[in-house]
Engineer: 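Let me give you the structure first, and then I'll get to my questions.
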Amino acid sequence: MRTYKRSAAVAVAAVSLALLVTACGAGEKSGDQGKDTGKEGGPGASATSAPAAEVLSAAELEKLIVGQADLPGHKVQKAKAGEVPLAAAVSTDKPSCKPLADVMSYVAPGKPGATATRKAIEVPKTDGSAASPEDALGALAAPVTGVTLGSYDGQGAQEAFASLKTAGTECAGGFTLIGGGEKTKISAVAPETVTAGEEALAWTVTTDLDGRPFVTKVVAFRQGGTLASFSTLSLGGTVKALPKDIVDAQAAKLG
């Protein structure tokens, strides 16, 4: 059991880089991702000729991202400096898969002008009695969702969303995620159904962790020039459902 938990923690460091352990390497403050992010995953068919968006500031995104009051049944935390890796610190063996790896790592894909990030930890329901060792293990396995908002100038949000759509198709058979000094084998990327914002995508991402499947649920939706992305995992290794309540709450705040 202890060996498996340690392996799971390594997977979190490699796959999420920011959720339950401190990210390796140089981090950055939320909102300072800037415009020098990777160029992988260019615009695709879903990029439109909609009016050019005006980028929101980090302070404006902080008001729009979900908070504790929006998510009863969760503990919501602001991402700390160093918990969100630089976009350049996340890479993949297939360039087209980089946007998906970014979302899994709390990084807004493409070239956002500003970002904001939260962690929402599902609080296990109890009957009020003293916690048993089994309850403690259950708490460790509670789903944790990283929420990232990115604001883009011009058609940047549409282009970032299109790159995610391309990644979902071209990386269905898997890819290798490189981050935090670790290489993690993603064995499958399977599409899910989700409705939110003006356009939305979702996947079940399965990682091969020492021969065991480690499941992450990934969601992204675009509302105007803002892209919201979500990555949900559990140290138990299995997440059964998309974080619909969190996605719905974020969509409501973005209008």
Side-chain angles (χ1 to χ4, degrees), residues 1-24 66 68 70-80 83-85 90 100-107 117-127 131-148 168 174-175 177 179-180 182-194 201-220 228-250:
M1 178 66 74
R2 291 182 63 186
T3 300
Y4 178 59
K5 286 182 182 176
R6 183 175 180 181
S7 297
V10 171
V12 172
V15 176
S16 184
L17 295 179
L19 271 172
L20 305 176
V21 295
T22 301
C24 299
V66 287
Q68 188 64 65
D70 306 304
L71 296 173
H74 293 78
K75 181 178 181 181
V76 181
Q77 302 174 342
K78 185 175 181 179
K80 299 176 182 178
E83 286 189 324
V84 180
V90 181
L100 188 57
D102 284 341
V103 169
M104 295 172 69
S105 305
Y106 284 16
V107 175
T117 309
R118 293 289 186 274
K119 291 186 293 185
I121 305 167
E122 186 175 307
V123 178
K125 296 178 181 178
T126 65
D127 58 8
S132 66
E134 289 76 16
D135 292 333
L137 286 174
L140 285 174
V144 182
T145 299
V147 183
T148 301
F175 62 96
L177 187 155
E182 298 285 343
K183 290 185 178 181
T184 301
K185 175 62 180 176
I186 309 299
S187 56
V189 178
E192 294 264 11
T193 299
V194 66
L201 293 165
W203 304 271
T204 292
V205 180
T206 303
T207 302
D208 182 358
L209 178 61
D210 296 332
R212 299 172 183 261
F214 189 93
V215 174
T216 305
K217 297 290 187 178
V218 178
V219 180
S229 56
F230 311 79
S231 181
T232 303
L233 56 76
S234 161
L235 278 181
T238 300
V239 180
K240 296 181 179 180
L242 297 175
K244 187 176 184 302
D245 50 351
I246 301 176
V247 172
D248 289 347
Q250 185 60 75

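The basis for the numbers below is simple: all heavy atoms, side chains too, and nothing from hydrogens, waters or symmetry mates.
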Engineer: Heavy atoms, side chains only, cut-off 4.5 Å: are M104 and V205 in contact?
Structural biologist: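 Yes, their side chains come closer than 4.5 Å.
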Engineer: Answer whether the closest heavy-atom distance between the side chains of V219 and P243 falls below 4.5 Å.
Structural biologist: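 Counting from C-beta outward, V219 and P243 do come under 4.5 Å.
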Engineer: What's the separation between atom NZ in K217 and atom NZ in K240, rounded to the nearest 0.5 Å?
Structural biologist: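 Rounded to the nearest 0.5 Å, the NZ-NZ separation comes out at 11.0 Å.
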Engineer: Mind listing the closest non-hydrogen atom pair of D70 and A249 along with its distance?
Structural biologist: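 Result for this residue pair: O-CB, 3.9 Å.
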Engineer: Side-chain contact, heavy-atom cut-off 4.5 Å: V147 with Q250?
Structural biologist: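 Side-chain contact under 4.5 Å: yes.
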Engineer: With a 4.5 Å heavy-atom cut-off, do V194 and L242 have their side chains touching?
Structural biologist: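 In short, these two side chains touch, coming nearer than 4.5 Å.
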Engineer: Got a second to check how far I246's CD1 is from T232's OG1, nearest 0.5 Å?
Structural biologist: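 One gets 5.5 Å once the value is rounded to the nearest 0.5 Å.
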Engineer: Let me confirm one number: the CZ-OG distance from F214 to S234, rounded to the nearest 0.5 Å.
Structural biologist: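 One gets 7.0 Å once the value is rounded to the nearest 0.5 Å.
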Engineer: Quick one, K183 and L177 - any side-chain contact, counting heavy atoms below 4.5 Å?
Structural biologist: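 Result no, sub-4.5 Å side-chain heavy-atom pair not found.
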Engineer: Which heavy-atom pair separates P191 from W203 by the least distance, and what is that distance?
Structural biologist: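 Smallest heavy-atom distance, with atoms named: CA-CD1, 3.9 Å.
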Engineer: To the nearest 0.5 Å, what is the distance between OG on S105 and CG on L100?
Structural biologist: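 It comes to 9.5 Å.
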Engineer: With heavy-atom distances below 4.5 Å as the criterion, would you say the side chains of L233 and P143 are in contact?
Structural biologist: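 Heavy-atom side-chain distance check fails, nothing below 4.5 Å.
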Engineer: Give the minimum heavy-atom separation between K185 and G174, together with the two atoms involved.
Structural biologist: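 Here K185 and G174 meet closest at NZ-C, 4.4 Å.
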Engineer: Between CD1 of I186 and CG of D208, what distance do you get to the nearest 0.5 Å?
Structural biologist: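 Here the interatomic distance stands at 9.5 Å.
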Engineer: So, the side chain of S187 versus the backbone of T206: is there a donor-acceptor pair under 3.5 Å, distance only?
Structural biologist: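 Pair found, side chain donor or acceptor close to backbone of T206.
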Engineer: Just by distance, no angles: are the side chains of T145 and K119 close enough, under 3.5 Å, to form a donor-acceptor pair?
Structural biologist: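 No donor-acceptor contact under 3.5 Å links the two side chains.
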Engineer: Over all heavy atoms of both residues, which pair between R118 and K78 is shortest? Give the atoms and the distance, please.
Structural biologist: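 For R118 versus K78, the nearest heavy atoms are NH1-CG, 3.5 Å.
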Engineer: Got H74 and I121 here, is their nearest side-chain heavy-atom distance under 4.5 Å?
Structural biologist: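 The answer is no, as the side chains (C-beta and beyond) never meet within the 4.5 Å cut-off.
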Engineer: Just so I know, are the side chains of V107 and P85 near enough to count as touching, which here means a heavy-atom distance under 4.5 Å?
Structural biologist: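 In contact.
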